[in-house]
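Working notes, beginning with the structure itself.
Remember, predicted model here, so these are calculated numbers, not experimental data. Naming: A, B, ... by sequence-line order, numbering from 1 per chain. Atoms considered below: every heavy atom in the structure, side chains included; atoms not considered: hydrogens, waters and symmetry mates.
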There are 2 protein chains.
Amino acid sequence: MSDKSKGFIQLLQQLTVCDSVSDKEFADRFGEISSLGDDHVICVIEDDRSGKIIATGSVFIEKKFIRNCGKVGHIEDIVVDADARGMQLGKKIISFLTDHARSVGCYKVILDCSNENRAFYEKCGFKQKEIQMVKYFT
Amino acid sequence: MSDKSKGFIQLLQQLTVCDSVSDKEFADRFGEISSLGDDHVICVIEDDRSGKIIATGSVFIEKKFIRNCGKVGHIEDIVVDADARGMQLGKKIISFLTDHARSVGCYKVILDCSNENRAFYEKCGFKQKEIQMVKYFT
């Protein structure tokens, strides 16, 4: 919960549109995600010196009927601070989230990325399988 | 809960690997998904004459911090029975799941598909955005 004051939202702004989030909105969303326990985990790396969060990523666990009532880990919102690149922090985040998904019994983890980031995920042991289709409401 | 006896699992087998699921496994997984309420919805179309389920799909709602604590609908496991194609059932399922995601406040819906099915989803109003990367554990 203290992550908001450590630059968590500012870090996410390096990834995509994320205006300022009020303390109440943050606390409410934090509570909703926490209530899912191991089924939705957010991982952060904090810089000891600055006290700022410099990398983050999340995984949530989808429970299916296919694959004999299997589970799939969806990795989302991976971002490493622009000033902290080249230290393998992205790999550490991916590795933590992947290990978590495996430990709770997933048969695979998936993520969507740009063509540009494909090589990075290949280094993390991922392969391209399908294409992502999107429909925006706003 | 009665869907298991209506060919639900057999229908999913047309999509991917799904061995027989015991009544207990089915009930347990059904309970887990139901407990998420509007955040994980499975839609089925039943054939009145045969009493069999001939189309299904699901959407689950991911709660994020990005996009001002936005929500994303993930559409999964769309399948129409091989004998029931050409009746726009796939479109009906996608439309129901998309409307649900919008109604609970998602800013977008996403799904992963093969290149082969891309044209179908384009007809449903989707556009390709990213690529899906996967890592299998088993």
Margin query: Is Ile33(A) close to chain B through its backbone or its side chain, or both, or neither, when contacts mean heavy atoms under 4.5 Å?
Written below: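 Ile33(A) touches chain B through side-chain heavy atoms alone.
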Let me know if [X] has heavy atoms under 4.5 Å from chain A in its side chain, its backbone, both or neither.
| X | answer |
| --- | --- |
| Ser114(B) | both |
| Ser22(B) | neither |
| Val21(B) | side chain |
| Cys124(B) | backbone |

Are [X] and [Y] connected, step by step, through hydrophobic side chains (Ile, Leu, Val, Met, Phe, Trp, Tyr) whose heavy atoms are closer than 4.5 Å?
| X | Y | result |
| --- | --- | --- |
| Met133(A) | Ile131(B) | no |
| Leu97(A) | Phe120(A) | yes |
| Ile78(A) | Phe126(A) | yes |
| Ile53(A) | Phe96(A) | no |

Check: Rounded to the nearest 0.5 Å, how far does CD of Glu76(B) lie from NE2 of His74(A)?
Finding: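 CD of Glu76(B) is found 4.5 Å from NE2 of His74(A).
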Checklist line | Distance in Å, Phe137(B) CZ paired with Ser103(A) OG, rounded so as to fall on 0.5 Å steps | finding: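 Here the interatomic distance stands at 9.0 Å.
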Next item on the list: Quick one: which residue pairs count as a side-chain hydrogen bond (donor to acceptor under 3.5 Å, both in side chains) with a foot in residues 118-137 of chain A, not counting sequence neighbours?
Entry: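 For residues 118-137 of chain A, and leaving out neighbouring residues, the side-chain hydrogen bond (donor to acceptor under 3.5 Å, both in side chains) pairs sorted by first residue read Asp112(A)-Gln132(A), Arg118(A)-Glu122(A), Arg118(A)-Gln128(A), Lys129(A)-Tyr136(B), Tyr136(A)-Lys129(B).
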Notebook entry, point to check: Which one of Glu25(B), Glu32(B), Lys108(B), Gln13(B) has the most heavy-atom pairs closer than 4.5 Å to chain A?
Noted result: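 Answer, by heavy-atom pair count under 4.5 Å with chain A: Lys108(B).
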Checklist line | Largest heavy-atom contact set with chain A, pairs under 4.5 Å, which of Val109(B), Val134(B), Ile110(B) | finding: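 When all of Val109(B), Val134(B), Ile110(B) are compared, Val134(B) has the most.
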Notebook entry, point to check: What residue in Thr98(A), Asn117(A), Leu15(A) has the most heavy-atom pairs under 4.5 Å with chain B?
Noted result: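 Top count of heavy-atom pairs under 4.5 Å with chain B: Thr98(A).
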Next item on the list: Between chain B and each of Thr16(A), Ile9(A), Leu111(A), count heavy-atom pairs under 4.5 Å; write down the option with the most.
Entry: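 Answer, by heavy-atom pair count under 4.5 Å with chain B: Leu111(A).
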Can you check whether anything in [range] gets within less than 4.5 Å of chain A, heavy-atom wise, and list it by number?
| range | value |
| --- | --- |
| residues 35-52 of chain B | Leu36(B), His40(B), Ile42(B) |
| residues 57-67 of chain B | Phe60(B), Glu62(B), Lys63(B), Lys64(B), Phe65(B), Ile66(B), Arg67(B) |
| residues 79-93 of chain B | none |

Notebook entry, point to check: Does any N or O in the side chain of Arg29(B) come within less than 3.5 Å of the main-chain N or O of Asn68(A), such that one atom is a donor and the other an acceptor?
Noted result: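 Between the backbone of Asn68(A) and the side chain of Arg29(B) there is no qualifying donor-acceptor contact (under 3.5 Å).
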